[in-house]
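In what follows, chains are A, B, ... by sequence order, proteins preceding strands, each numbered from 1. Since we're looking at a predicted model, the values are computed, not measured.
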Amino acid sequence: MVLRYNPRELEKKWQQRWDDDKLYEAKQDSSRPKWYELTMYPYTSGNLHIGHWYAMAPADAHARFKRMQGYNVLHPMGFDAFGLPAENAAINRGIHPHTWTMDNVENMRRQLRRMGAIYDWDREVITSLPEYYKWTQWLFLKLYHAGLAYRAEAPANWCPNCQTTLANEQVLDDGTCERCHTAVTRKDLEQWFFRITRYADELLDTSKIQWPERINVMQANWIGRSEGAEIAFGIEEYGLDEKEIRVFTTRPDTVFGVTFMVLAPEHPLVPLLTTPDRKDEVEAYVEAARRQSEIERLSTEKEQTGVFIGAYCTNKLSGDRVPIYIADYALLTYGTGAVMGVPAHDTRDFSYATRYDILIRTVIAPEGWRGDDLEEAYLEPGVMVNSGPFDGLPSQEGKQAVIKAMEEQGIGSGTVSYRLRDWLISRQRYWGAPIPMVYCQKCGVVAVPEEDLPVLLPEDAEFRPTGESPLTYHQEFANTTCPECGSPARRETDTMDTFMCSSWYFLRFASPKADNAPFRPEDLKYWLPVDQYTGGAEHAVMHLLYARFFVKALRDIGLLDFDEPFLRLFNQGTIINERQKMSKSRGNVITPDEYVDSLGADVIRAYLMFIGPWDQGGEWVDQGINGITRWYNRVWDMVLRDEAELDGRPTDDDSVVQTRHLLHKTIKKVTQDLEGFRFNTTLASLMSFTNHLGKVWEDGSVNSGVWRESIKVFLLLLAPIAPHLAEEMWSLKGYSYSIHNQPFPKWDEALAAEKEITLVLQVNGKVRDRVTVPASVTEEEAKELAMTSDRVKTHLKGRKPSRVIYVPGRLVNIVAR
RNA sequence: GCCGAGGUGGCGGAAAUGGCAGACGCGUCGGACUUAAAAUCCGAUUCCCCUAGGGGAGUGCGGGUUCAAAUCCCGCCCUCGGCACCA
């Protein structure tokens, strides 16, 4: 397919001009309303693929649209530049991560520029540069001093062969190390965490944001708030410091049905409570559980297994003494790491009790229950039985009653548990922002003073395929002195999770050059929060949740004064090729460069927007692009015609009226569709309009004035979608530079309104005739028309209508049975 | 298993509050132009029946509500995304 204009030249020319004129420079301007439209910045993988374009080009069209609507738009771009692939490149190809990253940035920036977006490149941020990560570290210290960062022992993925920890993404699906394929186990390490759980309830509150419900639901599920109770079971008889085992349950109403206790294998009480005769068996089970850890989770319907540890605890409410087991279905990381076993009313407990021959005692009676044994766990509400003083209470009320009783007796209390865990930010890696902490032999854990930031990554690190972070054996880096007492000290050699960088980059765009702070309050005040954020839904529970937490934390520290980073969110779908996701291994990756070379950015932009609803993604089909190139060719011809030719021919008043009507209807449709990210129907209505223009040119039924006006408005409507082409044609038509500084056209509601409608005439709900009538048609007129239609008469076959339904402006349905 | 989104021609997809199913585009077929092809332009294109004019069926499947259902309700099937022993 060949274009009638030269996209390469034309696009290059205008990009240069816009650049030279700083047309898209974002400047604060209190006289105009601001609009901060942000697209998730890309990772510096090295190449921009069509998926990036799919995320960015429509977002740019939307930002351009807002700009033409009079908003002062900030639509910045940057690079997520820390991360593992840079390190792997260093190991595999001997390229320093910094070099690899910056080469990629350069290439991607070049590719991005060709898209013709309104990015203000003066605001670019690259997270791996010290000028950026200095402030990532600074923010870490702020969180640390606010008590939101802490160090704790946590299990990490450990490869026994490589002798190193692995990030989750380095563990293959079969639970083995991606490098040596050894089974990965867990190893407990001291690591850094952020207290995101402190914000769990506020993160559940979505009243201040307009996000897709889907994402809100995913976040809510991820946070997993459960109301219930914490209950203490007595173990005084063992003479330990701990006098009780605490469990979390959402079913305090079933507490009289507890017939056993389950501890997570790693529970600290296990070694203390295990009786000598059980020791070997218990230790073997703990070891096995440790070994399987995350791996065996893949088996869905796994049977509940465990071992009795020889000890018992006391149900303080019922007085029952119940055996204590360890079982891997109890997770140390959720609740208290201990579960009260109520087999009658919990599926897993039921299966466990059946397997180990443990008593199953019904305490919530199903309707019509006559005391017989349950075939399976009964999970629904019912009436409390076998529950002492609570017998006869409906279980829903029983929950509160039991909690109240336990609180009075000091053996338990109502509480809330979350699935969400604190955010582990330590990475045993080189290519990340060093965590600015020092371990002093005398002072312990000491924060690096602000004035000593940044803690720079040593450039001369060695990248050996040992799997260990180069920082751990970089003596100059690791060995330091304590900032407080001056004694020899060791630096933290872990670096930060890259989600840390992306949790505040949108703030940095407001003050990209600030060198004495991560951002300036006055800049934030003007630009933030982000009005519209767009990106993939794959970040629903990681990046998006972390960024929300970050903003709330910084607000509480006093660094900013809003509650949410992103007011509106839109998730584009995934673009696929050959019915599959694009990936290097499948060899079906579409590279935009070749298409930009031959067809130009504007074609790709429009094609991606036309392919289907943006949030549903779509399939890249080479042939489909033909539709856009043909359309541009026709538009090009049409726009460049000399409208004076029309004046030699008689005009048709109806055609003029209809063209005006269509013009305003199109403005309305395009405006509303762009507002709602419905680019596919935006394009469809623009195409329809040009189809109409083609017809009226052929029959010469409009005058040059209407034509010129139609073309002018059309170009303005096209500008956000095809910025180069629209600018070129705008200029060729003699309008003044730049089209992108023009206001977006406004429609006249009277002109946009339909003057004529097609009235559908139905008999018994089936369409039998259609008549064109003025939109002002009255009910009587419409019904009259229906009754006089020959086709309607034929289908009535002389029957008397029993009912006539009139839908204004739409149809008449005659019912006759 | 649980949560969420979706299923419409040969294909991508259009269709406020229930009210003309298939906009727009791709592809295909026919025609024009051409020595020929490409490109371009014009026309047709849901399926079935019919010589015509027209008739019938049709939005994953089966029921239902309604004058009227792609749209609402009930029960299934399938696809995609997320979570996955969360007590």
* Asked: If you look at every strand shown and take non-hydrogen atoms under 4.0 Å, does A:N691 touch a base, only sugar-phosphate, or nothing?
  -> sugar-phosphate
* Asked: Ignoring hydrogens and angles, does a donor from either the side chain of A:R810 or the base of B:rA16 sit under 3.5 Å from an acceptor on the other?
  -> yes
* Asked: A:S802 near the nucleic acid: base, sugar-phosphate alone, or nothing, with a heavy-atom cut-off under 4.0 Å?
  -> nothing
* Structure fact -> A:N680 has its side chain closest, among B:rU17, B:rG13, B:rA68, to B:rG13
* Is a donor-acceptor pair below 3.5 Å formed from side chain A:R770 to base B:rC20, judging by atom type as modelled? -> yes
* Asked: Under 4.0 angstrom, heavy atoms only, what part of the nucleic acid is A:A327 near: base, sugar-phosphate, or nothing?
  -> nothing
* May I ask you to say what A:G536 touches in the nucleic acid, namely base, sugar-phosphate or nothing, with a heavy-atom cut-off under 4.0 Å? => nothing
* Are side-chain heavy atoms of A:D201 and A:R225 found at a separation under 4.5 Å? -> yes
* Base, sugar-phosphate, or nothing for A:V807, non-hydrogen atoms under 4.0 angstrom? -> base
* When all nucleic acid strands are considered with a 4.0 Å heavy-atom cut-off, which category describes A:R678: base, sugar-phosphate, or nothing? -> nothing
* Asked: What is the nucleic acid contact for A:V815, judged by heavy atoms within less than 4.0 Å: base, sugar-phosphate only, or nothing?
  -> sugar-phosphate
* List the steps and the verdict of side-chain hydrogen bond (donor to acceptor under 3.5 Å, both in side chains) for A:Y632 and A:D637. => CA-CA 9 Å; A:Y632 279 176; A:D637 278 355; over 6 Å; no
* A:Y607 and A:W631: CA distance, side-chain angles, deciding distance, ring pair (Phe, Tyr, Trp, His ring centres under 6.0 Å) verdict -> CA-CA 11 Å; A:Y607 177 58; A:W631 182 54; over 10 Å; no
* Asked: Looking at A:W53, does the NZ or CZ of A:R605 lie under 6.0 angstrom from its six-membered ring centre and within 45 degrees of the ring axis?
  -> no
* Structure fact -> From the candidates B:rC85, B:rC26, B:rG25, the one with an atom nearest any side-chain atom of A:M687 is B:rG25
* Asked: Do you see a donor-acceptor pair shorter than 3.5 Å between the side chains of A:E538 and A:H543?
  -> no
* With a non-hydrogen cut-off below 4.0 angstrom, is A:I805 in contact with a base, only sugar-phosphate, or nothing? -> base
* **Spacing of the P atoms in B:rA14 and B:rU8 (rounded, Å)** => 11 Å
* Asked: Contact class for A:R791 vs. all strands (heavy atom < 4.0 Å): base, sugar-phosphate, or nothing?
  -> sugar-phosphate
* Cation-pi check, A:R678 to A:W614: give yes when NZ or CZ is under 6.0 Å from the six-membered ring centre and within 45° of the ring axis, no otherwise. => no
* So what does A:H539 touch, heavy atoms closer than 4.0 Å: a base, only the sugar-phosphate, or nothing? -> nothing
Atom pairs under 3.5 Å, N or O on each side, protein against nucleotides 80-83 of chain B: can you list them with distances?
{"residue": "B:rC83", "atom": "O3'", "partner": "A:R419", "partner atom": "NH1", "Å": "3.1"}

* Is a donor-acceptor contact shorter than 3.5 angstrom present between the side chain of A:Q623 and the base of B:rC26? -> no
* Asked: If pairs are Watson-Crick or G-U with both distances under 3.5 Å, what is the dot-bracket string of RNA chain B, marking crossing pairs with [ ] and pairs to another strand with |?
  -> (((((((..(((......[....)))((((((.......))))))((((....))))..(((((..]....))))))))))))....
* Structure fact -> A:I757 CD1 to B:rA16 P, in whole Å, measures 17 Å
